[in-house]
Protein chains: 2
Amino acid sequence: MGTEELTGAALLAVGSALANPHRLRILGALADGRQYVSHLARELGMSRPLLHMHLQKLQSAGLVKGSLELSEDGKAVKYFEAVPFKLEITPQIVKSALPTLPPSTDKREGTSP
Amino acid sequence: MGTEELTGAALLAVGSALANPHRLRILGALADGRQYVSHLARELGMSRPLLHMHLQKLQSAGLVKGSLELSEDGKAVKYFEAVPFKLEITPQIVKSALPTLPPSTDKREGTSP
DNA sequence: GTCGCATGTCAGAAAATTCTGACACATGTC
DNA sequence: GACATGTGTCAGAATTTTCTGACATGCGAC
């Protein structure tokens, strides 16, 4: 796996995911190996709700993957790990992804005013 | 050229640049060849100030390049073209770019309260 | 001069994103 | 029971990004 045909939506999701310093740090931290949320929050010095949101976005983009597990002592622990993706982006690739971009949705009123 | 060592700032800039549908469309349109601003604005159906802003962001990220030229009949025309980049992003690359990420800038007050 | 078409920039509105501080739950230990 | 640990979620504030509608410039043609 690695070089799949990126859809417009996927390209947009990936771009958005990489558009924030915290998310880059999270991704970098997970490149070393899986970690559970609370631990990661402490390591990166950010609040859990915030980290949760960022992880959500990274997961939506398909860059990380979470799995809820049961630790030895019965506690529920959610581990996250980086998906071993390999993005490859060029102007041509962007161009060919355009047709699968969600329509602009004119935001001004629906179809029957 | 192509696979250069991405700095954290550059990675962030590129991600941000790709995080907007309009900018993807702009990039796609320029993949075919250079165009001047007003023409591009008509083609994409967006206002010139808006297009100007997006082009600025794309240029800051190093994905497009603009050059002000003088047309035959003496008019000043600004052409933009896509830079033939080839991004390659993996978790490891993100990780190695982290050290060159701009510091978090705690936003709370400066250095002498 | 006035029109057309190119350029750029500004202030402020509008919308989306980011972040915090509660709250909820479950489980094992003291 | 009260703690300490883990999980998730919510409403609202704070910030950033996006977008519009002016305005200003320059040059050629009429």
Side-chain angles (χ1 to χ4, degrees), chain A residues 9 12-27 34-61 64-80 101-102 104-109, chain B residues 9 12-27 34-61 64-80 101-102 104-109:
Chain A
L12 193 55
V14 166
S16 300
L18 299 176
N20 178 288
H22 280 166
R23 285 196 288 270
L24 292 183
R25 273 187 252 273
I26 293 169
L27 205 46
R34 70 207 308 254
Q35 283 192 340
Y36 67 94
V37 183
S38 287
H39 183 238
L40 194 53
R42 281 189 293 268
E43 184 174 307
L44 296 178
M46 72 174 82
S47 72
R48 232 169 20 79
L50 184 54
L51 175 59
H52 189 267
M53 195 207 65
H54 284 313
L55 282 171
Q56 218 61 32
K57 207 155 199 172
L58 283 167
Q59 185 167 43
S60 295
V64 305
K65 174 175 151 302
S67 58
L68 187 62
E69 300 183 10
L70 232 43
S71 69
E72 296 183 2
D73 53 333
K75 301 266 193 59
V77 183
K78 181 136 191 188
Y79 283 94
F80 273 90
L101 247 191
S104 9
T105 51
D106 274 44
K107 32 182 75 87
R108 307 278 186 227
E109 286 311 294
Chain B
L12 192 55
V14 167
S16 301
L18 298 176
N20 179 289
H22 281 166
R23 285 195 288 271
L24 291 184
R25 272 187 253 272
I26 294 169
L27 206 45
R34 67 206 310 250
Q35 284 193 339
Y36 67 95
V37 183
S38 288
H39 183 239
L40 194 54
R42 282 189 293 267
E43 183 174 309
L44 296 177
M46 73 173 83
S47 72
R48 230 162 29 72
L50 185 55
L51 176 59
H52 188 267
M53 193 207 66
H54 285 312
L55 282 171
Q56 217 61 32
K57 209 155 196 168
L58 283 167
Q59 185 168 42
S60 295
V64 306
K65 174 175 149 304
S67 59
L68 186 61
E69 301 183 10
L70 234 42
S71 70
E72 296 184 2
D73 53 333
K75 301 266 193 63
V77 183
K78 180 137 191 187
Y79 283 94
F80 272 91
L101 247 190
S104 5
T105 52
D106 274 43
K107 36 184 73 86
R108 307 281 185 225
E109 288 310 295

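In what follows, chains are A, B, ... by sequence order, proteins preceding strands, each numbered from 1.
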Distance check: side-chain N/O of B:Ser38 vs OP1/OP2 of C:dC5, anything under 4.0 Å?
no

Below 4.0 angstrom from OP1 or OP2 of C:dA6, is there any side-chain N or O of B:Arg42?
yes

Sub-3.5 Å pairs of nitrogen or oxygen atoms, protein against nucleotides 21-27 of chain D:
none

Measure the CE-CZ distance between B:Met53 and B:Arg23 for me, rounded to the nearest 0.5 Å.
6.0 Å

In whole angstroms, how far is the P atom of C:dT7 from the OH atom of B:Tyr36?
7 Å

Ignoring backbone atoms, establish whether B:His54 has a side-chain N or O less than 4.0 Å from OP1 or OP2 of D:dT17.
no

Using a cut-off of less than 4.0 Å, is there contact between a side-chain N or O of B:His39 and OP1 or OP2 of C:dA6?
no

Nearest 0.5 angstrom please: B:Lys65 NZ to B:Phe80 CZ, how far?
10.0 Å

Taking 4.0 Å as the cut-off, does a side-chain nitrogen or oxygen of A:Ser47 come that near to OP1 or OP2 on C:dT20?
yes

Is any side-chain N or O of A:Lys78 closer than 4.0 Å to OP1 or OP2 of D:dG6?
no

Return no unless some side-chain N or O of A:Asn20 is found under 4.0 Å from OP1 or OP2 of C:dT18.
yes

Nearest 0.5 angstrom please: B:Leu58 CG to B:Asn20 CG, how far?
8.5 Å

Would you mind reading off the distance between B:Tyr79 atom OH and C:dA6 atom P, rounded to a whole angstrom?
10 Å

So do B:Leu18 and A:Leu18 actually touch side chain to side chain, heavy atoms under 4.5 Å?
no

Taking atom C1' of C:dC5 as reference, at what distance in whole Å does atom CG of B:Leu70 sit?
14 Å

Check A:Leu12 against A:Leu101 and note the closest heavy-atom contact, atom names and distance.
CD2-CD2, 4.3 Å

Atom-pair distance (CG on A:Leu18; C1' on C:dT18), nearest Å
17 Å

Taken to the nearest whole Å, CE/A:Met53 to P/D:dG12 is 19 Å

Would you mind reading off the distance between A:Arg23 atom CZ and C:dT18 atom C1', rounded to a whole angstrom?
9 Å

Which side-chain N or O atoms in residues 43-51 of chain B pair as donor and acceptor under 3.5 Å with protein atoms at least two apart or in another chain?
residue, atom, partner, partner atom, Å
B:Glu43, OE1, B:Gln35, NE2, 3.2
B:Ser47, OG, B:Leu50, N, 3.4

Answer whether the closest heavy-atom distance between the side chains of A:Glu69 and A:Val77 falls below 4.5 Å.
no

Taking atom C1' of D:dT17 as reference, at what distance in whole Å does atom CG of B:Leu12 sit?
14 Å

How many Å lie between CG on A:Leu51 and P on D:dT9, as a whole number?
13 Å

Verify the contact: side-chain N or O of B:His52 to OP1 or OP2 of C:dT7, cut-off strictly under 4.0 Å; return yes or no.
no

